[in-house]
Amino acid sequence: MTAQPVLKTDLVQTQLVKPCLVSSELNREPSRELNKELKKSTQSKFSKAAASYNAHANVQKHAASDLFALIKPGFNKNMLCVDLGAGPLVNTHTLQSMFASVIAMDLSLNMLQSSDLTAPKICADMDNLPLQANSVDVIYSNFAVQWSANFSALMQSLYSILKPGGQAYISTVVEGSLNEIKTAFAALDSNSHINTFNSELYINQSVQNAGFTINSAKKRIYTDEYTTPLKAIASIKAIGATTQNHTNTRQGLLTKSALQKVCSAYPLINNKACVSYHVVLLSLQKSD
C-alpha cells in the first residue's frame, strides 16, 4: 500500500492508513484540549526513548507474552488488528503472524519510525482515535492505555471502533506500581514523583460500563531488578515512562545531594533495587 498522509491535527500526524478506516470527524471535547500539554510531554518523552526502548522494556516483553497467551487458537485469521500503543513495533511482527492485516498506532512518530518492519502505521492519540465505528476486528494493546487521559472514555471509543463480536486484548499498569520509587522519593519531599495509576476496580468497571464482556481479567506483578537504585530510577526514563499525569509534581532537576538522598532511601531486596509493575491483563469482547 502506498504511503499517504491522510490526517493531521495540532498534536500528531496520521500516516499509512487505509482511507476507509479514517473518521472524518475527530472529537474535540474541552477535557481533551486541557490535556494537550500533557499529551505533548508524553509524546516528547516516548520519542526521546525510542532508541533505548527495546533494550530496557523487559517487563513489557513479559506482559506481551502473557497477553498473547490470552488469544485462543482457532480464531479466524482473516482479520484486521490494531496494535494500539505499538511503540517501536516490538509486538507487531507477532501479530502479523496471527492476523491478515495489522496496523501499528502510537502517539510517538519517532517510535514508529524506529522500526524497519513493513506495516501500516498511524501516529495518533489514543484519546482521539481517527478510526470509524465498526471497522476493526481485534485490538491489541500492551502497556499503553495507562497513558490515556480518560480511561473510561477510551474504553467506550475502543468498543465503538470494534466490529460486532470484536476482541480486545489489553494490558494496563494499575495502582501499586513503582512503589519502590515512590518510597525512595518520599525521603526527599511530599511531592509525587511517579504517575498516578487507575485501580483494578476502576479498570473493570470502566470496561463493563463501555459494554464489553470480560472473558478474562488477570492481575500480574512484574519486577525488574537492578544493581543500584540509580539504575532502577533511570530505567523508567529509558522507556519514556516519566510523564506525570497530575499536578502535584516536583519541578526541576534533582541536585546531586538530593539524588543521593533518594538513592539511600531506596528499599533493597537481597541487595537489589527492584522496580515493580502491577498489571491487569484483559480479554474483552464486543457483543454480536
Side-chain angles (χ1 to χ4, degrees), residues 6-36 39 42 67 70-71 75-76 78-86 91-92 95 98-107 119-172 198 202-217 280-288:
V6 295
L7 179 67
K8 184 175 182 180
T9 74
D10 54 345
L11 292 183
V12 293
Q13 289 181 325
T14 301
Q15 298 180 334
L16 304 176
V17 60
K18 296 178 181 178
C20 64
L21 289 175
V22 180
S23 175
S24 60
E25 295 183 2
L26 291 176
N27 294 323
R28 287 293 181 184
E29 297 176 9
S31 60
R32 305 285 172 84
E33 294 297 320
L34 291 174
N35 287 293
K36 188 180 294 186
K39 289 291 180 179
T42 302
L67 198 57
L70 295 180
I71 305 177
F75 54 84
N76 181 5
N78 190 27
M79 291 181 171
L80 170 64
C81 174
V82 171
D83 186 1
L84 183 63
N91 299 313
T92 307
L95 290 169
M98 306 174 76
F99 302 104
S101 182
V102 180
I103 295 175
M105 180 183 291
D106 200 89
L107 181 65
K121 302 171 184 177
I122 310 177
C123 184
D125 181 1
M126 70 174 71
D127 288 323
N128 205 10
L129 291 171
L131 301 176
Q132 289 182 350
N134 304 310
S135 64
V136 175
D137 297 293
V138 177
I139 296 167
Y140 178 94
S141 184
N142 181 55
F143 255 74
V145 297
Q146 65 269 7
W147 306 118
S148 169
N150 189 331
F151 180 83
S152 181
L154 173 60
M155 290 301 102
Q156 294 173 25
S157 295
L158 296 186
Y159 190 88
S160 175
I161 67 172
L162 280 172
K163 296 177 182 179
Q167 306 279 335
Y169 301 95
I170 298 170
S171 71
T172 182
N198 292 318
Y202 176 77
I203 296 296
N204 289 330
Q205 289 176 338
S206 295
V207 297
Q208 289 178 324
N209 290 342
F212 281 110
T213 297
I214 302 177
N215 293 328
S216 176
V280 171
L281 305 168
L282 298 166
S283 172
L284 309 174
Q285 184 170 352
K286 181 175 180 176
S287 58
D288 293 321

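If you're wondering where the values come from, they're calculated on a predicted model, not measured in any experiment.
A perpendicular orientation is assigned to the rings of Tyr159 and Phe212, their planes being inclined by more than 60° (bins at 30° and 60°).
Between Ser216 and Leu70, the shortest heavy-atom distance links the atoms OG-CD2, 4.0 Å. Closest heavy-atom contact between Val82 and Leu131: CG2-CD1, 4.1 Å. The shortest non-hydrogen separation linking Ser157 to Leu129 is CB-CD1, 4.0 Å. Nearest approach of Ser148 to Met126, heavy atoms of both residues: CB-SD, 4.0 Å. When every heavy atom of Ser135 is checked against every heavy atom of Leu80, the shortest pair comes out as O-CD2, 3.5 Å. When every heavy atom of Asp106 is checked against every heavy atom of Gly85, the shortest pair comes out as OD1-C, 3.2 Å.
Note that CG of Asn215 and CG of Leu284 are 7.5 Å apart. Values are rounded to the nearest 0.5 Å. To the nearest 0.5 Å, the span separating CE on Met79 from OG on Ser101 amounts to 13.0 Å.
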- Message: Quick one, Lys286 with Ile139, criterion side chain to side chain contact (heavy atoms under 4.5 Å, CB included). Give me CA distance, side-chain angles, the key distance, then yes/no.
- Response: CA-CA 11 Å; Lys286 181 175 180 176; Ile139 296 167; over 6 Å; no

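Applying the salt bridge (Lys or Arg N to Asp or Glu O under 4.0 Å) definition to pairs two or more places apart or across chains, those involving residues 154-172 are Asp137-Lys163. For residues 138-150, the set of pairs meeting the salt bridge (Lys or Arg N to Asp or Glu O under 4.0 Å) definition, not counting sequence neighbours, is empty.
Residues satisfying the side-chain hydrogen bond (donor to acceptor under 3.5 Å, both in side chains) test with Thr213, not counting sequence neighbours, are none. The ring pair (Phe, Tyr, Trp, His ring centres under 6.0 Å) check on Phe99 picks up Phe75, with sequence neighbours excluded. Residues satisfying the side-chain hydrogen bond (donor to acceptor under 3.5 Å, both in side chains) criterion with Asn204, sequence neighbours excluded, are absent altogether. Qualifying side chain to side chain contact (heavy atoms under 4.5 Å, CB included) partners for Gln208, counting only residues two or more places apart in sequence or in other chains: Ile214. Thr92 is linked by a side-chain hydrogen bond (donor to acceptor under 3.5 Å, both in side chains) to Asp83, counting only residues two or more places apart in sequence or in another chain.
A distance-only check finds a donor-acceptor pair linking the side chain of Ser141 to the backbone of Leu84 [under 3.5 Å].
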Side-chain polar contacts of residues 165-172 - donor-acceptor pairs under 3.5 angstrom, sequence neighbours left out - could you list them?
from   : atom 1 : to     : atom 2 : distance (Å)
Gln167 : NE2    : Gln285 : OE1    : 3.4
Ser171 : OG     : Asn142 : OD1    : 2.7
Ser171 : OG     : Phe143 : N      : 2.9

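For the pair Asn150 and Leu154, the minimum side-chain heavy-atom distance is 4.5 Å or more. Using a 4.5 Å heavy-atom cutoff, the side chains of Val136 and Ile103 are not in contact. Side-chain contact check for Gln205 versus Asn198: every heavy-atom pair is 4.5 Å or farther apart. Residues Leu107 and Trp147 are not in side-chain contact: their nearest non-hydrogen atoms beyond the backbone lie 4.5 Å or more apart.
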